[in-house]
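We name chains A, B, ... by the order of the sequence lines, and we start the count at 1 in each one.
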Protein chains: 2
Amino acid sequence: MNAMPTSRVVSESPGPVESGDTADAPKRSRSVTRERLLDAAAQVFAEQGVAGASVEEVCERAGYTRGAFYSNFATKDALLVALLDREEGLLLDRLSAALDGALSQPDPLAAVAGRLFDLQPFGASKYALRAELTLLAVRDPDLAAPYLAARRSFRERFVPFLREGLAQAQLELIVPADDALDTLEALFDASVRSSIISGDANARDNLATRMLPVLLGAMTRPRA
Amino acid sequence: MNAMPTSRVVSESPGPVESGDTADAPKRSRSVTRERLLDAAAQVFAEQGVAGASVEEVCERAGYTRGAFYSNFATKDALLVALLDREEGLLLDRLSAALDGALSQPDPLAAVAGRLFDLQPFGASKYALRAELTLLAVRDPDLAAPYLAARRSFRERFVPFLREGLAQAQLELIVPADDALDTLEALFDASVRSSIISGDANARDNLATRMLPVLLGAMTRPRA
DNA sequence: CGCATCCAATACGCTTGTGTATCGAAGTTG
DNA sequence: CAACTTCGATACACAAGCGTATTGGATGCG
């Protein structure tokens with residue numbers, strides 16, 4: 001039945017990315033399979049969109065067959081929901097990690113801006129995935145609730161961070177913090193998108209770095 | 001790529017656009033059929049995405065069958081290309097029309113902001129369509145060129161408009177005009193998206209109206 | 001050592017969707 | 001009014017994709 005010599009599937013380590021396969025793993029846990037399928041789904045959905053991607057290709061990319069898939073997820077939609085949950089968590093974690101030390105830098109704002117751009121979530125693939133998921137929320141009211149919930153936790157996590165960072169620079173906001181965050185996010189997204197489409201994906205000189213100081217200047221004033 | 005034996009897919013003058021009539025018309029010209037199919041495609045693609053939409057549903061929505069479709073477009077991809085062209089033109093036209101009188105108003109900036117929000121291109125359906133097309137450009141390098149070309153004409157059209165509007169308000173830009181335009185566009189998009197997802201689509205109080213004065217203040221200075 | 005349990009692979013049915021080929025009904029022209 | 005042309009409808013062939021049912025093999029446990 002199995003033409004191939006027993007199985008190749010796993011290279012473990014939840015680390016990023018794909019591998020050709022490698023060592024045979026003696027212990028294949030269910031959760032590893034799930035994670036690999038989710039990793040693959042993130043890639044494939046980013047490249048082709050949720051509707052454009054087939055379960056088959058997700059499985060192939062992960063090194064499994066559809067049997068493995070349906071043994072782990074009820075349907076394609078269920079995969080999407082699981083992916084949504086996971087991505088939200090990952091984004092929060094990575095942003096947190098990247099920003100954590102930044103406030104103690106001499107120039108916190110510059111440090112923040114610099115680190116953000118080295119970050120995976122702003123790479124082409126992650127950008128496309130986020131854009132795709134956002135678009136799904138725009139279209140489908142059922143996904144609006146989870147989307148808004150995710151946004152809420154994002155804000156709750158980063159509004160204090162923003163305030164604190166500004167405070168250390170002796171600044172305070174003169175606009176609602178949520179508005180400030182939304183505006184900055186919009187700026188970053190536009191910048192990343194533009195860089196991707198025009199090809200210079202890693203350009204150090206981009207819309208966000210040019211406009212960030214201007215916008216921050218407009219949204220703050222010297223602290224009382 | 002594909003030669004259709006029985007028909008030559010003509011690209012015809014745009015002609016009168018909107019399909020007002022409901023009754024079956026005795027004389028339906030080819031270009032009317034094309035336009036209706038494109039209208040339907042704009043809707044269906046906005047609702048379900050390009051990949052998620054079927055040719056069948058586009059035809060149904062337009063009041064035709066697939067026979068009519070394949071007599072007018074070679075493939076689904078050809079339809080997409082035609083739609084891209086048309087939407088770009090429509091967007092430019094509508095923005096131009098909406099903004100044209102605005103500069104002679106007492107408060108040009110307020111007039112501009114007000115009119116933009118009454119505009120179709122910022123309605124839910126048009127927003128979704130634009131987001132979808134943008135995402136396609138992010139994913140597919142082949143679509144990057146047309147996308148960038150469209151952006152260029154957009155800029156060429158509106159940068160002078162922006163300068164002039166600011167001049168009438170006795171202001172001038174202190175940042176690159178392209179950056180200013182990109183930033184404002186990002187702000188509007190974020191605002192529209194947020195309104196759509198949170199349900200209050202026509203809310204007069206939104207991110208853009210709150211932040212527009214702040215951003216404009218930051219990007220300009222009193223004219224020398 | 002044999003039994004039970006998981007879990008992923010294989011195989012299958014069925015639906016949906018694309019594109020082609022053909023047909024027929026209107027309109028047009030001599 | 002008859003032949004021709006045009007264009008959309010019907011019918012069909014075929015591929016892709018989803019989800020189910022079943023099988024096989026590994027692991028854990030008594």
Side-chain angles (χ1 to χ4, degrees), chain A residues 1-12 21 23-41 44-45 47-82, chain B residues 1-12 15 19 23-41 44-45 47-81:
Chain A
M1 286 317 179
N2 199 339
M4 310 242 230
T6 46
S7 99
R8 47 292 41 126
V9 177
V10 173
S11 77
E12 82 233 31
D21 47 340
D24 220 72
K27 45 189 335 183
R28 217 183 269 164
S29 94
R30 188 174 189 71
S31 67
V32 169
T33 304
R34 265 184 76 94
E35 287 303 311
R36 303 194 109 218
L37 285 170
L38 286 170
D39 288 341
V44 175
F45 285 177
E47 288 169 18
Q48 318 191 353
V50 174
S54 69
V55 172
E56 174 69 37
E57 184 160 355
V58 170
C59 298
E60 210 169 281
R61 188 84 59 109
Y64 294 95
T65 62
R66 297 219 314 289
F69 178 88
Y70 284 104
S71 154
N72 279 279
F73 300 95
T75 67
K76 191 180 174 186
D77 282 339
L79 168 68
L80 178 61
V81 172
Chain B
M1 181 186 256
N2 200 343
M4 295 266 306
T6 55
S7 79
R8 63 266 157 82
V9 173
V10 208
S11 74
E12 197 53 34
S19 59
D24 254 59
K27 46 186 321 183
R28 251 180 226 166
S29 91
R30 189 171 188 72
S31 69
V32 169
T33 304
R34 264 185 78 93
E35 288 302 314
R36 290 196 168 178
L37 285 170
L38 286 170
D39 289 341
V44 176
F45 286 177
E47 288 168 18
Q48 318 192 353
V50 174
S54 69
V55 173
E56 174 70 36
E57 185 160 355
V58 171
C59 298
E60 207 170 283
R61 187 84 57 111
Y64 294 96
T65 62
R66 297 219 319 286
F69 178 87
Y70 284 105
S71 155
N72 279 278
F73 300 96
T75 68
K76 191 181 174 186
D77 282 339
L79 168 69
L80 179 61
V81 172

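In this structure, CZ of B:R36 is placed 11 Å from P of D:dG8, rounded to the nearest angstrom. At whole-Å resolution of the value, NZ in A:K76 and P in C:dT16 are 15 Å apart. Atom-to-atom, CZ of A:R30 to P of D:dA26 comes out at 18 Å; the value is rounded to the nearest Å. When rounded to the nearest whole Å, the span between CD of B:E60 and P of C:dT18 equals 12 Å. Computed from coordinates, the A:F69 CZ to C:dT10 P distance equals 17 Å when rounded to whole Å. Atom-to-atom, CZ of A:F73 to C1' of D:dT20 comes out at 18 Å; the value is rounded to the nearest Å. Atoms CD (A:E57) and C1' (D:dC18) sit 15 Å apart, rounded to a whole Å. When the C1' atom of D:dA11 is taken as reference, atom CD of B:E56 falls 13 Å away, rounded to whole Å.
One finds a side-chain N or O of B:N72 lying less than 4.0 angstrom from the OP1 or OP2 phosphate oxygen of D:dG8. Distances shorter than 4.0 Å separate none of the side-chain N or O atoms of B:S71 from OP1 or OP2 on D:dC7. Contact annotation: B:T33 reaches the phosphate of D:dG8 (side-chain N/O to OP1 or OP2, under 4.0 Å). Remark: B:Y70 is in phosphate contact with C:dG19, judged by side-chain N or O atoms under 4.0 Å from OP1 or OP2.
The 5' end of DNA chain D is approached more closely, in terms of each residue's nearest nucleotide, by A:G52 than by the other of A:A74 and A:G52.
Here the side chains of B:E47 and B:R61 are in contact, with some heavy-atom distance below 4.5 Å. In this structure the side chain of A:S71 reaches within 4.5 angstrom of the side chain of A:R30, judged on heavy atoms. Side-chain contact between A:R34 and A:F73: present, with at least one pair of heavy atoms (C-beta onward) separated by less than 4.5 Å.
To the nearest 0.5 angstrom, B:L79 atom CG is 10.0 Å from B:N72 atom CG. For the atom pair A:T33 OG1 and A:Y64 OH, the distance stands at 3.5 Å (nearest 0.5 Å).
Put simply, the side chain of B:R66 and the base of C:dG19 share a donor and an acceptor less than 3.5 Å apart.
In the helix from C:dC1-D:dG30 to C:dG30-D:dC1, the end axes, each obtained as the rotation axis mapping the C1' atoms of four pairs onto the next four within a five-pair block, lie 0° apart to the nearest 10 degrees.
Under the side-chain hydrogen bond (donor to acceptor under 3.5 Å, both in side chains) criterion, A:E60 pairs with no residue at all, not counting sequence neighbours.
Across all strands shown, B:S54 has heavy atoms under 4.0 Å from sugar-phosphate atoms exclusively, and none from any base.
Annotation for A:F69 and A:L37: closest pair CA-CD1, 4.0 Å, computed over non-hydrogen atoms.
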